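Values reported hereafter were calculated over all heavy atoms of this structure, with side chains retained and with hydrogens, waters and symmetry mates removed. In this text the structure is predicted, and so the values were computed from the model without any measurement. For this chain, numbers begin at 1 and follow the sequence in order.
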Amino acid sequence: MLTNDFLGDNIARLGFGAMRLPIIDGDASNVDQATLDAMVDTAIKAGVNYFDTAYPYHGGMSEIALGRSLARYPRDSYFFATKYPGHQIADTYDSAAIFEEQLTKCGTEYFDFYLLHNIYEASIEVYLDEQWGIADYFVEQKKNGRIRHLGFSCHGRPETLKRFLDYGARKYAELEQRDPETAALFAGANIMEFCQIQLNYLDWTMQDAKAKCELLRRYNMPIWVMEPIRGGRLASLTPEDEARLRALHPEESVAAWAFRFLQGVEGVQMILSGMTTPEQMQDNVRTFAERRPLTEQEEKVLLDIAKGMYGAVPCTGCRYCCDGCPMGLNIPMLLQVYNEMK
């Protein structure tokens, strides 16, 4: 298993994302615990040690299911990550109440990695609003040892990403003056220690992921990847496009191409995959058994395939939009139908 050193921790480059866990009878809140346990066993046996969930995943059940599965292993044998849901529409934001609930749901006394969830144009004001004190609270939890590393995920435009990076730098400067002992717990001059972005060969240009990577490198911010195969979209191409890839490497899965693209992106340390089936887990651990970034010719073919998808609406099926829809629409399904027609 490919690994990276992150501040002294040896972390597998493939992480298990828990937004698309196996479910029973099509009920997203009814996680198939037995299948999940088998997938976690396969992951850990192969060297995967990073497990990522979030407060709203699977109707709030992802944290519970993943916590139960990981509790079968020694706590120091894996890295547990979850996120604060400041992106959700609410009248008030109580960081302490949510955090304490998450610790209980996950059955742990601390999180190795904790993220401010989904910084983008409609949520950044919540995170910056000092009346909620969100960043200050989680800095305090890092000081208390209940968070080892603090970061954030971002679906916003490059300018929004830069705005939040600058905010993290300002908060660090304030902390250094007020409490230098706590400031010393952070690796760089920013209270955010890593950033998770949507990154894949389709969004490399379509959602300015290349520009975001360049920005994060300028800020010396380690890059975590989410949606490496875009909710499965890049694992199922048109027959014509799949034939182009199989002509180059007939033994390789379509999904593996997306992961190999990311192996060549400078600054990427962690690649999360939201795996649903044991077969997906097995395929992914094979891909991450060795480093094989794309050749120049292979990358050209892949980016050419991406150009053929530019007319689609960039939806990954995360369903964040559904919670706030006043009409209760199944928005990802509607966009999927549109994209298929397109």
Side-chain angles (χ1 to χ4, degrees), residues 1-6 9-22 35-36 38-52 66 78-79 81 196-204 209-210 213 222-239 241-306 309 316-317:
M1 174 60 60
L2 297 174
T3 62
N4 279 317
D5 178 85
F6 179 78
D9 286 328
N10 193 39
I11 303 178
R13 292 200 75 186
L14 173 64
F16 188 2
M19 190 172 78
R20 297 181 174 92
L21 297 176
T35 302
L36 171 59
M39 293 174 66
V40 167
D41 293 343
T42 298
I44 289 180
K45 184 177 180 180
V48 174
N49 57 10
Y50 190 98
F51 298 86
D52 168 275
L66 187 59
Y78 58 86
F79 302 105
Q196 188 166 300
I197 62 172
Q198 181 169 315
L199 177 57
N200 52 67
Y201 67 82
L202 175 58
D203 290 317
W204 188 241
K210 181 179 181 181
C213 287
I223 301 171
W224 263 228
V225 174
M226 55 185 164
E227 301 293 353
I229 54 174
R230 246 177 169 274
R233 178 67 183 86
L234 302 182
S236 179
L237 305 178
T238 65
D241 287 337
E242 288 196 14
R244 293 177 68 183
L245 299 182
R246 296 199 186 284
L248 295 170
H249 287 288
E251 79 289 351
E252 194 146 70
S253 71
V254 175
W257 282 86
F259 291 119
R260 289 182 58 213
F261 172 81
L262 295 171
Q263 288 183 7
V265 178
E266 182 185 354
V268 168
Q269 294 198 22
M270 160 63 56
I271 301 171
L272 289 165
S273 179
M275 294 167 272
T276 305
T277 68
E279 292 74 24
Q280 291 172 352
M281 175 67 73
Q282 292 160 5
D283 183 48
N284 289 351
V285 298
R286 280 194 299 269
T287 300
F288 281 83
E290 59 180 339
R291 185 174 183 273
R292 291 193 307 117
L294 300 178
T295 66
E296 185 175 341
Q297 177 197 7
E298 290 170 340
E299 182 172 315
K300 183 179 179 180
V301 170
L302 211 58
L303 294 178
D304 187 58
I305 289 173
M309 305 182 203
T316 66

**Study point:** Atom of A306, atom of L202 and distance for their closest heavy-atom approach
**Key:** O-CD1, 3.5 Å
Check your understanding: Of all residues at least two apart in sequence or in a different chain, which pass the side chain to side chain contact (heavy atoms under 4.5 Å, CB included) check with A12?
Key -> M1, N49
Check your understanding: Where do V285 and V48 come nearest, in terms of heavy atoms and distance?
Key -> CG1-CG2, 4.2 Å
Exercise for review: Determine the interplanar angle of the H249 and W257 rings, folded into 0 to 90°, and report it as parallel if under 30°, tilted if 30 to 60°, perpendicular if over 60°.
Suggested key: tilted
Point to revise | Any side-chain heavy-atom pair of P278 and T42 under 4.5 Å | key: no
Practice item. Just jot down the side chain to side chain contact (heavy atoms under 4.5 Å, CB included) partners of K300, sequence neighbours excluded, or say none. Key: none
Check your understanding: Below 4.5 Å, heavy atoms only, C-beta onward: do L302 and L245 meet side chain to side chain?
Key -> yes
**Study point:** salt bridge (Lys or Arg N to Asp or Glu O under 4.0 Å) contacts touching residues 254-264 (sequence neighbours left out)
**Key:** E252-R260, R260-E298
Check your understanding: Minimum heavy-atom separation for Q263 to R292, with atom names?
Key -> OE1-N, 2.6 Å
Check your understanding: Do V265 and Y201 have side-chain heavy atoms sitting under 4.5 Å apart?
Key -> no
Exercise for review: Report the C-alpha distance between M19 and E227 in whole Å, list the side-chain angles of each, state the deciding distance to 0.1 Å, and finish with yes or no for side-chain contact (heavy atoms from CB on, under 4.5 Å).
Suggested key: CA-CA 10 Å; M19 190 172 78; E227 301 293 353; 3.6 Å; yes
Practice item. Step by step, work out the side-chain contact (heavy atoms from CB on, under 4.5 Å) result for F259 and D283. Key: CA-CA 11 Å; F259 291 119; D283 183 48; 6.0 Å; no
Point to revise | Residue pair F261 / P293, side-chain heavy-atom distance below 4.5 Å | key: no
Point to revise | Minimal non-hydrogen separation, V225 against P228, with atom names | key: CG1-CB, 4.1 Å
Exercise for review: State, to 0.1 Å, how close N200 and R230 come at their nearest heavy-atom pair, and which atoms those are.
Suggested key: ND2-CG, 3.4 Å
**Study point:** Criterion ring pair (Phe, Tyr, Trp, His ring centres under 6.0 Å) against F6, the qualifying member of W224, Y50, F79
**Key:** W224
Practice item. Give the minimum heavy-atom separation between R246 and V254, together with the two atoms involved. Key: NH2-CG2, 3.7 Å
Point to revise | With sequence neighbours excluded, residues passing side chain to side chain contact (heavy atoms under 4.5 Å, CB included) with D241 | key: L237, T238, R244, I305
Practice item. Not counting sequence neighbours, which residues clear side chain to side chain contact (heavy atoms under 4.5 Å, CB included) with Q297? List them please. Key: L248, T295
Can you give me every donor-acceptor pair (side chain of residues 266-277, partner residue at least two apart or in another chain, under 3.5 Å) with its distance?
| unit_1 | atom_1 | unit_2 | atom_2 | d |
| --- | --- | --- | --- | --- |
| S273 | OG | N284 | ND2 | 3.1 |
| T276 | OG1 | R20 | O | 2.7 |
| T277 | OG1 | Q280 | N | 3.1 |

